[in-house]
Amino acid sequence: MPTADFHGRVACDVPPDAVVRALHDPNVMRHLVPGCSALVPTGPGDWTGQVERAAGPVKLRLAASLSVRETRPGAIRITVKGGSLLAGKVTLDALLLLAATPTGSQIEHSGTLAASGLAGGLLAGQEDRIGALAQTLIEGLARRIAPPPPQS
């Protein structure tokens, strides 16, 4: 099963508690899962949804589950599991470490993406792209939850 590890750090203009709240908002979280159209809550910090990704001429549809858990203050574990008979299985396990800064927060992220079947074939050899995508997604989270700039 091909895997890709990722890690990085992003500054965010809101305090850590606001980041934690945002990570429990399904409208914020669906933007962290590329191709996710909607999330349906199944419990506190748990959702199900569907992920759709194009792979060349093939469109993959995966039933997915998403879980967000604060394992200790300032440490958030995000787990995404998806799969289909055609696409195979995809598992993302990420840890976000939040630290207060004078201007908001620093989000340090690390994790692993693993895939089997057709999804695994697409992942093979893409480790650098997965790391860049993870960084882009966390940067997008920081922008999405940042307060709007003051109007002049």
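Residues Asp13 and Arg143 form no side-chain contact, since every pair of their non-hydrogen atoms from C-beta on lies 4.5 Å or further apart. Side-chain contact between Leu32 and Leu66 is absent, with no heavy atoms from C-beta onward closer than 4.5 Å. Using a 4.5 Å heavy-atom cutoff, the side chains of Lys81 and Val90 are not in contact. Looking at heavy atoms from C-beta onward, Leu141 lies out of side-chain contact with His31 at the 4.5 angstrom threshold.
What you find for Pro26 and Leu39 is that their closest heavy atoms are O-CD1, 3.8 Å. Val68 and Trp47 make their closest contact through CG2-CZ3, 3.6 Å (heavy atoms, listed as atom of the first residue, atom of the second, distance). Considering all non-hydrogen atoms of both residues, Val51 and Ala64 come closest at CG2-CB, 3.8 Å. A pairwise comparison of heavy atoms in Ile145 and Val14 identifies O-CG1, 3.3 Å as the closest pair. Between Glu108 and Arg9 the shortest heavy-atom distance is OE1-NH2, 3.4 Å. Across Pro16 and Ala99, no two heavy atoms sit closer than the pair CG-C, 3.9 Å.
Between Asp17 and Arg21 there is a salt bridge, with a side-chain nitrogen of the basic residue lying less than 4.0 Å from a carboxylate oxygen of the acidic one.
Atom-to-atom distance recorded for Ile107:CD1 and Leu97:CG is 10.5 Å, nearest 0.5 angstrom. Rounding to the nearest 0.5 angstrom, the gap separating the CG atom in Leu96 from the CD atom in Gln106 is 12.0 Å. The line from CZ of Phe6 to CG of Leu92 is 4.5 Å long, rounded to the nearest 0.5 Å. Here the CZ atom belonging to Arg30 is positioned 7.5 Å from the SG atom belonging to Cys36, to the nearest 0.5 angstrom.
Residues Val19 and Leu95 are members of separate hydrophobic clusters, defined by side-chain heavy-atom contacts under 4.5 angstrom among Ile, Leu, Val, Met, Phe, Trp and Tyr.
Pairs of residues two or more places apart, or lying in two chains, that qualify as side chain to side chain donor-acceptor pair (under 3.5 Å) and include a residue from residues 92-105 are Arg77-Asp93.
A side chain to side chain contact (heavy atoms under 4.5 Å, CB included) with Arg69 is found for one member of Ile76, Leu23, Ile78, Asp46 and no other, namely Asp46.
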